[in-house]
Amino acid sequence: MYHIILKGNNRLILTEDADCAFFTTLLRQTAEHDLMECYAYCLFPECVHLVIKEGLRHFGESIKTLTSKYAVYANDKYERSGKLFYDRFLSEPLETESDLVDAVRFVHRLPLSENQPLTYPYSSYNAYKTRKGLYSDSLLFLLDDSVFRFAEEMEQPPARAFLTGIKKTPPTDDEVRAHLLRLTAHLTPESAASLDAQTLGSLVFSLQEQGASLRQIARILHVNKSTVERASKVAHKEAE
């Protein structure tokens, strides 16, 4: 089970009501085809939050199918090209049923931070309340198969923290160098240039997790930006 965040690549993902409806339809179709369970979703113009359980395929493949089909639709509709979604979605595993219920709470309560009600129309909250649309019977089963119990649970804030997808303030060069020092005390520009793609990719991935850009990493390591980009792709592919 996973909490997943899909982010736009410096552009809006969902612009109109019709976009949200189409994305939800694709999500339902992907879930049915892959036997992937969707416990919760919440759609915003710039990002999408999902809580899912892996089905017949690796969850990364299911998400790739979903985002690829939606990107084709959106790029055709708005006559644009290029990547609609950020290269790699964010994900965090949910190990227990308690984690699962907490994640569903978190996702359904996200509209509150945008001054929207729990009945926000672009989430799965209303599907549970009406038992119509995309929702999970197995999650309701955990809550005594009670819509009233579900509503009560959603009123409570989650007990643990979850990824928000909010972009962090980019680190300074000195902060990136300090993180590099924590990762490896012996790395020099000369040795960085000779690292294999997998090792360099691991370093780049860790620095990107701290908010560093590829251009900034290349400058600090004195490595060609295209080399850093290739290493980053290797690391992100392994992470998926």
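Between T24 and L43, some side-chain heavy-atom pair lies under the 4.5 Å cut-off. Using a 4.5 Å heavy-atom threshold, the side chains of L180 and L221 count as touching. Looking at heavy atoms from C-beta onward, C38 lies in side-chain contact with L27 at the 4.5 angstrom threshold. Proximity of Y2 to E92: side-chain heavy atoms (C-beta onward) are nowhere separated by under 4.5 Å. H179 is listed as a side-chain neighbour of S206, based on a closest heavy-atom distance under 4.5 Å. Within the 4.5 Å cutoff, the side chain of M1 has no heavy atoms near those of the I52 side chain. In this structure, the side chains of N9 and F85 stay at 4.5 Å or more apart for every pair of heavy atoms. Using a 4.5 Å heavy-atom threshold, the side chains of V228 and R215 count as separate.
Proximity of a side-chain donor or acceptor of R177 to a complementary backbone N or O of I220 within less than 3.5 Å is not detected. A distance-only check finds no donor-acceptor pair linking the side chain of S202 to the backbone of Q198 [under 3.5 Å]. In this structure a side-chain-to-backbone donor-acceptor pair under 3.5 Å is present from D102 to A159. With hydrogens and angles disregarded, no donor-acceptor distance shorter than 3.5 Å links the side chain of T199 to the backbone of L195. Looking only at distances, a side-chain donor or acceptor of S68 sits under 3.5 Å from a matching main-chain atom of K64. With hydrogens and angles ignored, the 3.5 Å screen pairs a side-chain donor or acceptor of T25 with a backbone N or O of A21.
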Item to check | Residues V107, H3; criterion side-chain contact (heavy atoms from CB on, under 4.5 Å); working and verdict | outcome: CA-CA 9 Å; V107 169; H3 168 225; 4.0 Å; yes

Next on the checklist: Set out, in order, the CA-CA distance, both residues' side-chain angles and the distance that settles salt bridge (Lys or Arg N to Asp or Glu O under 4.0 Å) for K77 and E16, then state yes or no.
Outcome noted: CA-CA 11 Å; K77 178 179 178 178; E16 302 175 351; 2.9 Å; yes

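Pairs engaging residues 24-45 under the ring-ring contact (aromatic ring centres under 6.0 Å, His included) rule: F44-Y120 [sequence neighbours left out].
For the residue pair S62 and T30, the shortest heavy atom distance occurs at O-CG2, 3.5 Å. A127 and L134 make their closest contact through CB-O, 3.6 Å (heavy atoms, listed as atom of the first residue, atom of the second, distance). Here the shortest heavy-atom pairing between M36 and K53 reads CG-O, 3.2 Å. Scanning both residues, G60 and F89, for their nearest heavy atoms gives CA-CZ, 4.0 Å. The minimum heavy-atom distance linking I13 with G8 is given by the pair CD1-N, 3.4 Å. Counting all heavy atoms, side chain and backbone alike, Y125 lies closest to A151 at OH-CB, 4.1 Å.
Listed by chain and number, the residues in a salt bridge (charged side-chain N to carboxylate O under 4.0 Å, His left out) with E54 amount to none (sequence neighbours excluded). In terms of the side-chain hydrogen bond (donor to acceptor under 3.5 Å, both in side chains) criterion, residue partners of R149 (sequence neighbours excluded) are, by chain and number, D144, E153. A search for salt bridge (charged side-chain N to carboxylate O under 4.0 Å, His left out) contacts involving E97 returns nothing, not counting sequence neighbours. Shown here are the salt bridge (charged side-chain N to carboxylate O under 4.0 Å, His left out) partners of R131, two or more places apart in sequence or in another chain: D145.
Atom CG in L26 sits 9.0 Å away from atom OH in Y70 (nearest 0.5 Å). Once rounded to the nearest 0.5 Å, the distance linking CD of E37 with OH of Y135 reads 11.0 Å. Distance CD1/I4 to CG/L163: 11.0 Å, rounded to 0.5 Å. Expressed to the nearest 0.5 Å, how far SG of C20 lies from CG of L14 amounts to 4.5 Å. Distance check, rounded to the nearest 0.5 Å: CZ of R109 to CD of Q156 gives 7.5 Å. Going from atom CG of L100 over to atom OG of S136 covers 7.5 Å, rounded to the nearest 0.5 Å.
Follow the hydrophobic side-chain contacts under 4.5 Å out from V204 and you reach L183 in the same cluster. The hydrophobic cluster containing V147 does not contain L143, counting ILVMFWY residues as joined when their side-chain heavy atoms lie under 4.5 angstrom apart, directly or transitively. V48 and L12 fall into different hydrophobic clusters, defined by Ile, Leu, Val, Met, Phe, Trp and Tyr side-chain heavy atoms under 4.5 Å apart, directly or through other members. There is no path of hydrophobic side-chain contacts, each under 4.5 Å, that joins F23 to V72.
Donor-acceptor pairing under 3.5 Å is recorded for the side chains of S124 and H108. When only modelled atom types and interatomic distance are considered, D174 and T172 share no side-chain donor-acceptor pair under 3.5 Å. Side-chain contact annotation: N126 with T119, donor-acceptor N/O pair under 3.5 Å absent. Side-chain atoms of D19 and Y78 include a donor-acceptor pair closer than 3.5 Å. S98 and T96 share no side-chain donor-acceptor pair at under 3.5 Å.
The other residues sharing a hydrophobic cluster with L35 are L56, where clustering joins ILVMFWY side chains under 4.5 Å apart.
F162 carries R160 over the face of its six-membered ring, with the cationic atom under 6.0 Å from the centre and within 45° of the normal.
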